[in-house]
Each structure stands twice: as C-alpha cells, then as structure tokens.
There are 2 protein chains.
Amino acid sequence: MTDMRRDAGGQEPVATGEPHPKEATLHQRILGEIEGRILSGEWPPGHRIPFEVDLAALYGCSRMTVNKVMTRLADAGLIERRKKSGSFVIQPQAQSAVLDIHDIADEVASLNLTHSHSVVSRERRRAGAEDMRRLDLPKSSAVIDVVSLHRAGARPFCLEERIISLANVPDAAQADFAATTAGAWMLNQVPWSMAEHRIRAVGAGPREAGLLGIESGAACLIVERRTWSNAGPLTHVRFTYPGDRHGLIARFTPSGQALS
Amino acid sequence: MTDMRRDAGGQEPVATGEPHPKEATLHQRILGEIEGRILSGEWPPGHRIPFEVDLAALYGCSRMTVNKVMTRLADAGLIERRKKSGSFVIQPQAQSAVLDIHDIADEVASLNLTHSHSVVSRERRRAGAEDMRRLDLPKSSAVIDVVSLHRAGARPFCLEERIISLANVPDAAQADFAATTAGAWMLNQVPWSMAEHRIRAVGAGPREAGLLGIESGAACLIVERRTWSNAGPLTHVRFTYPGDRHGLIARFTPSGQALS
DNA sequence: TTCACTATTATGTATATACATGTTCATGTC
DNA sequence: GACATGAACATGTATATACATAATAGTGAA
C-alpha cells in the first residue's frame, strides 16, 4: 500500500454492490457509499463501520482520505466515533436537530404534564387515491393506517393520523402502537434520509373538533410530515394541534447548521 | 515555515483582537475566528478572505490545516471559493436553506402572481414592554416599527409586522421600505448568526381580518421570526397568513443538512 | 481476586509534499 | 488593436508521516 498516486486503472476497489454512479472524487465516492449504507438501513444504528485502515485498504487509498470522510460524517451527525472502539452509526436523534418537532411525549413532558395516548383506530388496508396523494405509494400497496389521540394530563393535546408503507416498513404489521406511540416506534425503528414538512392553519372540522374537545371552526395548526428512506416512502403523518396551544419552534444558523 | 511541530511557546499568532476563549485545537480556533468575523459582519458579504498561505503564515501552521477549515466553511455555505481569485464571504442566501421561508416576493412569484406591497405604518420609537417580549432588547432602546401588507395580484397575501433594533441596524433609520420590502432590505443588509421561528395557528382578530380581507375568527398561520447577529438582536417579524393559502414547506435530512 | 500499570489499538490533529485544475494576467504575434 | 499562448497563481485532492489521546485489553503484584 505504499505510494498509490493517480492510478485509475488497476483493480477497482469493488466495495460490494453499489448502485452509485461514478462520482468526481474518491472522497465523494466514499462519502456517498457510506452515507447510502446508513440511510438505506443496510448499516443500522449501532452498527460498527469498518476501521479506517480497512476502508483505506478496501478503496486503495490512504487513511487520511478515509479519515476526512469520517470526520464529515461525524460533523453531519450520522456517525459517532469512539477511540479504540471504532466508528458507529448513530442512533436516530430527535426528528431533526433543526426543526424542533420532537417526539410528542417529550413535547408534552416539557410542559410538565404527563403524556398519554390512545389508539383511535388501526387498520391494515390497500392504498387508495387519497393515500397516493399523502405519500407517493405504488397503487394499492399495503399500508397501516393508525389514528391516535395524544393527551397532556387529561386534556387532548393533538391528533395524529398516520399511514405507514408496509413495503418499506414491514415490521409495522406486528406493532399495535398501544404501548409506544407510532412516532416513537418509527423513530427507533427506521432510518430515514429525507423528510418534508408542510405546515398550515385550518379551522377544525367536526370530527377533529369532537376528538380534541374544541369548537368546530377553531383555528388549528396542521403539521404534515412525509418521510423517505433511500428505499422509498416510509410514512405520512398529520398532526392537528388546537391553535390555543404553544406552537412549534425552529432555531438555526444561516448555513442551516451549527458550526464549531 | 519549515517544520513547525508542537511549539505552543513562541510568538502567539495574534490574529487581531479576538474575544474568543482559547479553544481546543488550532483547527477549531481558526474556524471559530473566521466564522465570528463573518457572522458579526466584520467581514461582510463579498469580502475576500485572506489567502490560505497567508492565513497559514498568520497562524503559524501549514496550508493543509487552513484548507480543511475553509473546506468546512464552504460546506457550511458561509464562503464561496474561486480558484485563482480566493475565497469570499457568501451573499446571504434565502432566509434558510432548510426551512423554506423565503422572501415574500419570491413566495408570491412562485404562484405566478405579481407581488406588491404597501407600508401600512412606519414609526421610530422607544422599545416598550411588548417589544422586550418580542425581541430581547435593552429597555427603551430605539426601534423602527413597520407594518406592511403584501399582495399577490390584487388579493392580500400576508401581513408583516416588524420591529428592527436601531442599535444593531442603524441604517434602518434611513430606509422607508416603500421600494424594497423590509424583509428583502434586511436580507441584503445584515448578516445574521441565529434565527428562531415560532409557528402557530390563531383565529384572525378584527384588525388582521380587516387588512387581509377575511372573516374575523378565520384560521391564520402565524410565523414569527427573531434574528440575531453576534452583536445582539436584529429584528422580530410576525407574518400572518390567511389559513386558506398554501402553507410552509420544510425539507431536510436526518443531520439537518444535505451531504455529498 | 482485585488493583495498578503497561501495551495495544483506533481515532484525532497536524505537517510537508505533490500534482491537478481552473482563472487571471501578461506577453508576443499577426 | 485583437487574439491566441502560456506563465503565475490559488484552490482542490490525495499521499505519507508523525505524534497525541483515549479506551480497551492484558499482565503482574499485593
């Protein structure tokens, strides 16, 4: 492994089956492949990433090159590095470091109230036209549909309406979401690579009003989240918060991430 | 500059007057100082950062060390690097790469409608208790208070209520915000280091309803943004969107930032 | 068996070096 | 004066090397 220089020709490192297109630099290629394995779930949270020297050998490059990639992944919060032990895929954090929409139990706990939830309905069914709008699912694929009501103390706190793609989250078929909320379950279960939030205000319809114990037409904050992994769509969830509750808070820097 | 090794003693690089505490590594120290100069506005958008070799000489380190810092700053979107020319502080982007709350003119334009706005009121006054709640201002410091109505085509689009701290944005005293909106003016004028958004839903009060041409009590989305620079608070703005309009959209990755 | 000490291991930081890649600028020719 | 050519320059990527640091594993003495 002494002196590699610009070989290009030679045995291509062949890092198992990669669907990645050829990328400009080695750095980017290594970064992309490791990122892909993490975000697709091939390397689940807690998995130990090969040692730097081994990756260097695999890609036929120096440890410094691999080290820089690992440093970036650590900065980005995808891996955790421990001396002597190695580098590990990190446990999925809160929903996002940036937009502070965390697990509802936390949200309620921060108000010093005890959280409870009940499953209003849960069914397994085939995706219809409405579901295809909510999440870009293949037509009539199997989904789990769960509606839960979250309470802070005794009062209703928010309504959660969720569909989960069974194609990409098969374990959801077994979960009944009575003990852990669907949100917490997803958080600990499935790695994701992209999320999209849509936030709007609407007047409560009669159904929501009834469940939440508010007047029909009262202003509500709607937060819809669609989540994907590299394999495809995972889940769509709609939270309905009565408007007289505290809102959402998001903090960030110009670059969208804290440095230093 | 040949072979520096671990000197520690010797002439401290003395990179002008820094209020920074001593940081762990040289890397972090350089990163922090440059970031500070950018975020404080000492190095405004467009400013050319010293060449890597010069910074290396200044800090008494190798170019590689500086290069890594610059690479991070570029990844974070704070600087732009051009070969032969050097590295430059970037023009402030949209309000955020992550949370897609852009300039209102853009927002309206994306709906294929022409944007117009009018200043409902503008005054210079001393901060009261309410302003201290909105923005953590020193008591009775001078602020500019502007209320504008934005229109998409002929219809009211949203209401903007803003206060600007004159202590930290003195140029605001001269601006009347008739030609450019207050948002666009701030965006091009002032570098910021932190922003906090608060999002909630409320029923429209009679004043908002009148200005926006909606019914009193109709659901509205309220987006409040507080922005700081390193020097202190800059501005607080509250946008009120009628709830029957499209909402906000935010997209992101687990780490809060796109890699690769 | 327990505790202290040491060796090993994997990451963390920094260096010097080499060459590639685009830009800009100056130069010389037509 | 217009234009092609090439030198100079600043960044971009990668290498080999060195030593620091933290955590683990192993060894030996009380």
Side-chain angles (χ1 to χ4, degrees), chain A residues 1-10 12-13 22-34 47-90 260, chain B residues 1-10 12-13 22-34 47-90 260:
Chain A
M1 196 50 45
T2 40
D3 204 26
M4 255 277 167
R5 222 151 294 265
R6 189 137 310 276
D7 64 306
E12 279 286 278
K22 58 194 57 183
E23 274 146 1
T25 66
L26 224 194
H27 184 108
Q28 280 167 52
R29 179 165 159 230
I30 302 176
L31 179 65
E33 292 191 14
I34 295 181
H47 180 265
R48 203 188 67 232
I49 290 169
F51 298 129
E52 293 185 357
V53 281
D54 296 341
L55 284 172
L58 176 65
Y59 286 101
C61 67
S62 82
R63 181 171 80 91
M64 272 305 296
T65 304
V66 173
N67 187 323
K68 278 203 267 189
V69 171
M70 303 297 265
T71 302
R72 263 199 84 171
L73 288 167
D75 286 345
L78 282 184
I79 66 171
E80 186 198 341
R81 317 185 71 187
R82 285 199 287 274
K83 308 206 171 185
K84 169 74 185 183
S85 311
S87 300
F88 300 81
V89 177
I90 219 162
S260 310
Chain B
M1 196 48 46
T2 41
D3 202 26
M4 253 279 167
R5 220 153 296 265
R6 188 136 311 276
D7 63 307
E12 279 287 280
K22 58 194 57 185
E23 273 146 1
T25 68
L26 225 194
H27 184 107
Q28 280 167 52
R29 180 169 156 224
I30 302 176
L31 179 65
E33 291 192 14
I34 296 181
H47 180 265
R48 202 189 66 233
I49 290 169
F51 298 129
E52 294 186 355
V53 280
D54 296 341
L55 284 172
L58 176 65
Y59 285 102
C61 66
S62 82
R63 181 170 79 91
M64 272 305 296
T65 304
V66 173
N67 187 320
K68 278 203 268 189
V69 171
M70 303 297 266
T71 302
R72 264 200 82 171
L73 287 166
D75 286 346
L78 282 183
I79 65 172
E80 186 197 341
R81 317 186 70 187
R82 285 199 286 275
K83 308 203 172 187
K84 168 73 186 183
S85 312
S87 300
F88 300 82
V89 177
I90 219 162
S260 310

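Predicted, not measured: the structure shown is a model, and the values here were computed from it. Keep in mind that the numbers below use all heavy atoms, side chains included, and drop hydrogens, waters and symmetry copies.
- If you measure from atom CD of E80(B) to atom C1' of dA10(D), you get 14 Å, rounded to the nearest angstrom.
- Spacing between atom NZ of K68(B) and atom P of dG12(D) amounts to 15 Å, rounded to whole angstrom units.
- Side-chain proximity of H27(B) to dT15(C), dA14(D), dA14(C): nearest is dA14(C).
- Rounded to an integer number of Å, the gap from L31(B) CG to dA14(C) P is 11 Å.
- Rounded to whole Å, the distance from CD1 on I30(A) to P on dT13(D) is 13 Å.
- Nearest approach of R81(A) to A74(A), heavy atoms of both residues: CD-CB, 3.8 Å.
- To the nearest angstrom, P of dT15(C) lies 15 Å from CG of N67(A).
- The shortest side-chain heavy-atom distance between L55(B) and I30(B) does not fall under the 4.5 Å cut-off.
- Taking atom CG on L26(A) and atom C1' on dG12(D), their separation rounds to 14 Å, with Å as the unit.
- With DNA chain D read from its 5' end, the first of the two nearest nucleotides for M64(B) and R63(A) is the one closest to M64(B).
- The salt bridge (charged side-chain N to carboxylate O under 4.0 Å, His left out) pairs that include a residue from residues 53-66 of chain A are E52(A)-R63(A), where partners are two or more places apart or lie in different chains.
- Between C61(A) and V66(A), the closest heavy-atom pair is SG-CG2, 3.8 Å.
- Between N67(A) and T71(A), the side chains place a donor N or O and an acceptor N or O closer than 3.5 Å (distance only, hydrogens not considered).
- With a 4.5 Å cut-off on side-chain heavy atoms, I49(B) and M70(B) count as touching.
- Whole-Å rounding puts the Y59(B) OH to dA14(C) C1' distance at 16 Å.
- In this structure, L55(A) places its CG atom 13 Å from C1' of dT11(C), rounding to the nearest Å.
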Return the polar atom pairs (N/O with N/O) between nucleotides 3-10 of chain C and the protein under 3.5 Å, or none.
unit_1, atom_1, unit_2, atom_2, d
dT9(C), O4', K84(A), NZ, 3.2

